[in-house]
Protein chains: 2
Amino acid sequence: MARLPLYLRALSALSERGVPTVSSEELAAAAGVNSAKLRKDLSYLGSYGTRGVGYDVEYLVYQISRELGLTQDWPVAIIGIGNLGHALANYGGFASRGFRVAALLDADRAVAGQRIAGMVVRHMDDLEQIVRDDRVSIGVITTPAPAAQGVCDRLVAAGITSILNFAPTVLAVPEGVDVRKVDLSIELQILAFHEQRKSATDAGPTLPPTAPPPAGTAARGDRGGDLPEVMPA
Amino acid sequence: MARLPLYLRALSALSERGVPTVSSEELAAAAGVNSAKLRKDLSYLGSYGTRGVGYDVEYLVYQISRELGLTQDWPVAIIGIGNLGHALANYGGFASRGFRVAALLDADRAVAGQRIAGMVVRHMDDLEQIVRDDRVSIGVITTPAPAAQGVCDRLVAAGITSILNFAPTVLAVPEGVDVRKVDLSIELQILAFHEQRKSATDAGPTLPPTAPPPAGTAARGDRGGDLPEVMPA
DNA sequence: GCGTGTGAATTAATTCACAGCC
DNA sequence: GGCTGTGAATTAATTCACACGC
């Protein structure tokens, strides 16, 4: 279930504050969900709570960590060292959670060889070897959009089955390969949509009275926009 | 509906290639969804397709853009100019979609004053004034986790009702304020979960036979991890 | 004939509400 | 008395499948 990481974070915060035990109501509030939902989610892991008391914070942290596979190390490779790749390479939050940046790669020979976050950026040519030698299990794609599918194909061919994609493209992958995407502009567009709704409701009734214009009058499109690389820092 | 931006991107790609018309089947494939779902989604916008033919690409681009509110400009402020804020400031994909980076802000006086992506970073003290003067409608929070809620509160007090949060925290906001979050480590944890499932299935039967250890034996926790700022580029 | 638009059917997710246990 | 765990009820999302228009 995709909410376990959220619970884990809330629990870790409680753990740090030394809170020994927590009720579903409290934990749900901290994670921003309904308490019934939280209890149902946790019940899939097993009966780790105590009726009349709540959940033991430390124990639950362990159980969720184990369920999520965070008790082992996950070597991660970042492909595409532009703005975003650079930022992620320096991201301090990996190590504390079992994720270790094992390699940085870039197709540009001017970038390969540079030292970033204490690591030397490798060239794409070495991808297959790096994946094999360092047992990389998760690939993070931070290339421009047009390069993403090609990189993805190579990652899959090299045996990687989990990909985190920051490029604004829908990646095609074979069965058995998991892809998650993080897409800035989609998030902004969703916010814009709601924002527009709010101001529309303030002013007029239901929908803005914009009459459909003659076909062929395209407004600003969404070109897909090629990620950070566009203007390297 | 949260899938409209996805359709818009696929349509824009088609538009660039000069494709005049597209069927629900084709567009659905390009966006990575089921064709019935796509038709149902689009039908909420109105009847913009032609039976037996499909959808006019340009016209549909316009309609979705309008629905998403992309026919107007959305000034965005980025708060917290660490690694990630820096990367986003340089992100070229904003402008082409109606999103304009109107201001960069940071609480550190050493950072304020710096020029980044052609803009001078302003100090947090000026937040309220900037929001007012530049009519900022969307705030992007890229501060460390502990600072996020405070920044959020100030944004809300300044009148902002749409927030994109990159800090690993659940933000508390009043009714009417929209928050979307982008969370690196949650995505990675979800991937790790699936990855673990795969290798577990390869080896044993259903679940790994790890017996519940004595309570109090916490594994690696999730500290929340404070975002990019941790190690500035 | 082809492909949209949509009611109906199915499936999944969420919430309610309460029995059972501490 | 308080709080978990969970069947039942509700609500939402997805998919099916086909009538209708081009």
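Numbered from 1 within each chain, the chains take letters A, B, ... in sequence-line order. Remember, it's a predicted structure, so these values are computed and weren't measured experimentally. Atoms considered below: every heavy atom in the structure, side chains included; atoms not considered: hydrogens, waters and symmetry mates.
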Atom pair distance, as rounded to whole Å: CZ in B/Arg51 and C1' in D/dG21: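 Rounding to the nearest Å, CZ of B/Arg51 and C1' of D/dG21 are 5 Å apart.
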Interatomic distance, A/Leu60 CG vs D/dG5 C1' [rounded to whole Å]: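 My rounded result for the distance is 14 Å.
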Can I get a per-line list of side-chain donor-acceptor pairs under 3.5 Å for residues 155-163 of chain A, giving both atom names and the distance, sequence neighbours left out?
| from | atom 1 | to | atom 2 | distance (Å) |
| --- | --- | --- | --- | --- |
| A/Thr161 | OG1 | B/Glu195 | OE1 | 3.0 |
| A/Thr161 | OG1 | B/Glu195 | OE2 | 2.9 |
| A/Thr161 | OG1 | B/Lys198 | NZ | 3.3 |
| A/Ser162 | OG | B/Glu195 | OE1 | 2.4 |

Smallest separation among heavy atoms of B/Thr142 and B/Leu88, with atom names: CG2-CD1, 3.8 Å
Aromatic ring proximity B/Tyr48/B/Tyr55, centre distance under 6.0 Å: no
DNA chain D-proximal residues of residues 36-43 of chain A, any heavy atom under 4.0 Å: A/Arg39, A/Lys40, A/Ser43
Positional range of nucleotides in DNA chain C within the contact set of chain A, heavy-atom, under 4.0 Å: C/dT14 to C/dC22
Pair A/Arg197-B/Glu67, salt bridge (Lys or Arg N to Asp or Glu O under 4.0 Å): steps then yes or no: CA-CA 9 Å; A/Arg197 275 288 156 102; B/Glu67 182 74 11; 3.1 Å; yes
Residue pairs involving residues 141-155 of chain B (criterion salt bridge (Lys or Arg N to Asp or Glu O under 4.0 Å); sequence neighbours excluded):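 Non-adjacent pairs meeting salt bridge (Lys or Arg N to Asp or Glu O under 4.0 Å): B/Glu128-B/Arg154.
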Side chains of B/Ser185 and A/Arg9 in contact at under 4.5 Å (non-hydrogen atoms): yes
Counterpart residues, side-chain contact (heavy atoms from CB on, under 4.5 Å), relative to A/Pro75 (two or more places apart):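 For A/Pro75, the residues satisfying side-chain contact (heavy atoms from CB on, under 4.5 Å) (neighbours in sequence not counted) are A/Arg100, A/Ala102, A/Ser137.
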Set of side-chain contact (heavy atoms from CB on, under 4.5 Å) partners for A/Val170, sequence neighbours left out: none
Side-chain N,O (B/Tyr55) to OP1/OP2 (D/dC22) below 4.0 Å: no
